[in-house]
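What follows is a short report on a single structure.
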Amino acid sequence: MFCDFITRWPTLEKAQGARPATLDRFFRQHNARRASVIDARMEAIKAARPLTRDAAIIAPHLLETLVLIEQIKVALKAIERFDDAIARLAPTLPDFELFADLPGAGPILAPRLLVAFGEQRERFASAKELQQYSGVAPVTERSGKKSWVHWRWQCPTFVRQTFVEWAGQTINKSKWAGSYYREQRAKGSSYQAAVRALAFKWLRILFRCWQSRVPYDEARYMAKLRQKGSALGNSSAPAA
């Protein structure tokens, strides 16, 4: 949408000169269906003020932007080709079923989780090793009487990002995950800290599933939590 918008209306002046009906049709053609969102966008365009009107600044930056948009469009087409290839290949791999039906995984994150774990089960002796390798496990540093906790700097960042992004998607799709996240927020954790803590907890569960080759079962895990007396086992349905 951004690329098409800037290509069609490369300056604020041209965007503000467009008819409301034209802008409305453009946004709807780009999968924006909510009238309130479209109205807010058109109001923002109307109320916008340029930082400068100096043509010597605007002209070269406009040319640069249009060139970058052409490059972005090429990259987007390449990404589509990779997505299509991944969508065809992932379901054929032996461990795909372990990740395909995980809460919040979907067609994007399921293949990423599959690759993040890999197929060499002897690589990690425990969930702790995987948590540390991926950077999800926090690091505690001490100096004298002081100590502080921070995330791990040296790690495969895309693997860590995969686990954290997926954990965020489970908040509204897994009963216990949603409750655990809200508990962390109630204790004063930021959104990112709470999601990282949730990812840390999820990795222990997924590691067990991966090692045993048994897919995750939400109902079974909730029953186990209740058996252990965990308050998470009595979690209500996740918010929509």
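Note that the structure is predicted; figures quoted are calculated from it, not measured. Note that these values count all heavy atoms, side chains included, but never hydrogens, waters or copies made by symmetry. Sequence positions, counted from 1, serve as the residue numbers for this chain.
- Annotation for R208: atom CZ does not count as buried by contact number, only 12 or fewer foreign heavy atoms lying within 6.0 Å.
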Under 3.5 Å donor-acceptor pairs involving side-chain atoms of residues 92-107, not counting sequence neighbours:
from : atom 1 : to   : atom 2 : distance (Å)
T92  : OG1    : L89  : O      : 2.5
D95  : OD1    : R121 : NH2    : 2.9
D95  : OD2    : R121 : NH1    : 3.1
D95  : OD2    : R121 : NH2    : 3.0

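- Taking hydrophobic clusters as Ile, Leu, Val, Met, Phe, Trp and Tyr residues chained together by side-chain heavy-atom distances below 4.5 Å, L232 shares a cluster with L206.
- Clustering ILVMFWY residues whenever any of their side-chain heavy atoms sit less than 4.5 angstrom apart, transitively, puts Y191 in the very cluster that holds V164.
- Under the 4.5 Å side-chain heavy-atom criterion for Ile, Leu, Val, Met, Phe, Trp and Tyr, F117 and I86 are members of distinct hydrophobic clusters.
- Qualifying ring-ring contact (aromatic ring centres under 6.0 Å, His included) partners for F124, counting only residues two or more places apart in sequence or in other chains: Y133.
- Under the 4.5 Å side-chain heavy-atom criterion for Ile, Leu, Val, Met, Phe, Trp and Tyr, M1 and I72 are members of distinct hydrophobic clusters.
- Annotation: side chain to side chain contact (heavy atoms under 4.5 Å, CB included) contacts of Q184 (sequence neighbours excluded): Y180, K187, S189, A194, A197.
- Counting heavy-atom neighbours within 6.0 Å of L76 CG, excluding the residue itself, gives a total above 12.
- Remark: of the listed residues K73, R8, Q71, K73 is the sole one forming a side chain to side chain contact (heavy atoms under 4.5 Å, CB included) with C3.
- Considering only residues two or more places apart in sequence or on other chains, W202 meets the side chain to side chain donor-acceptor pair (under 3.5 Å) condition with T170.
- Counting only residues at least two apart or on different chains, no side-chain hydrogen bond (donor to acceptor under 3.5 Å, both in side chains) pair has a member in residues 39-49.
- Heavy-atom contacts from other residues, nucleotides or ligands closer than 6.0 Å to CD of E13 number 12 or fewer.
- Distance alone, capped at 3.5 Å, is enough to place a donor-acceptor pair between the Q131 side chain and the F200 backbone.
- The side chain to side chain donor-acceptor pair (under 3.5 Å) test applied to K224 returns no partner, not counting sequence neighbours.
- Take F158 and apply the ring-ring contact (aromatic ring centres under 6.0 Å, His included) test, not counting sequence neighbours, and it matches no residue.
- Contacts of E165 classified as side chain to side chain donor-acceptor pair (under 3.5 Å), with partners at least two apart in sequence or in another chain: R112, Q161.
- The side chain to side chain donor-acceptor pair (under 3.5 Å) test applied to Y216 returns W176, E218, not counting sequence neighbours.
- Residue pairs meeting the ring pair (Phe, Tyr, Trp, His ring centres under 6.0 Å) criterion with at least one member in residues 26-56, sequence neighbours excluded, are F5-F26, W9-F26, F26-H30.
- Between V136 and R196, the closest heavy-atom pair is CG1-O, 3.9 Å.
- The neighbour count for E119 CD, taken as heavy atoms of other residues, nucleotides or ligands under 6.0 Å away, does not exceed 12.
- Smallest separation of non-hydrogen atoms from V159 and S134: CG1-CB, 3.9 Å.
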Notebook entry, point to check: Which is it for K175 and L225 under the side chain to side chain contact (heavy atoms under 4.5 Å, CB included) test, yes or no, and what are the steps along the way?
Noted result: CA-CA 12 Å; K175 295 179 181 180; L225 288 173; over 6 Å; no
Only distances under 3.5 Å count here; give the side-chain donor-acceptor pairs of residues 54-70 to other protein atoms, sequence neighbours excluded, each with its distance to 0.1 Å.
from : atom 1 : to  : atom 2 : distance (Å)
D54  : OD1    : A56 : N      : 2.9
H61  : ND1    : I57 : O      : 2.8
T65  : OG1    : H61 : O      : 2.8

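- Under a hydrophobic clustering in which Ile, Leu, Val, Met, Phe, Trp and Tyr are joined whenever their side-chain heavy atoms come within less than 4.5 Å, directly or via other members, I205 and L198 fall into the same cluster.
- For the side chain to side chain contact (heavy atoms under 4.5 Å, CB included) test, residues two or more places apart in sequence or in another chain that qualify with R33 are R28, N31.
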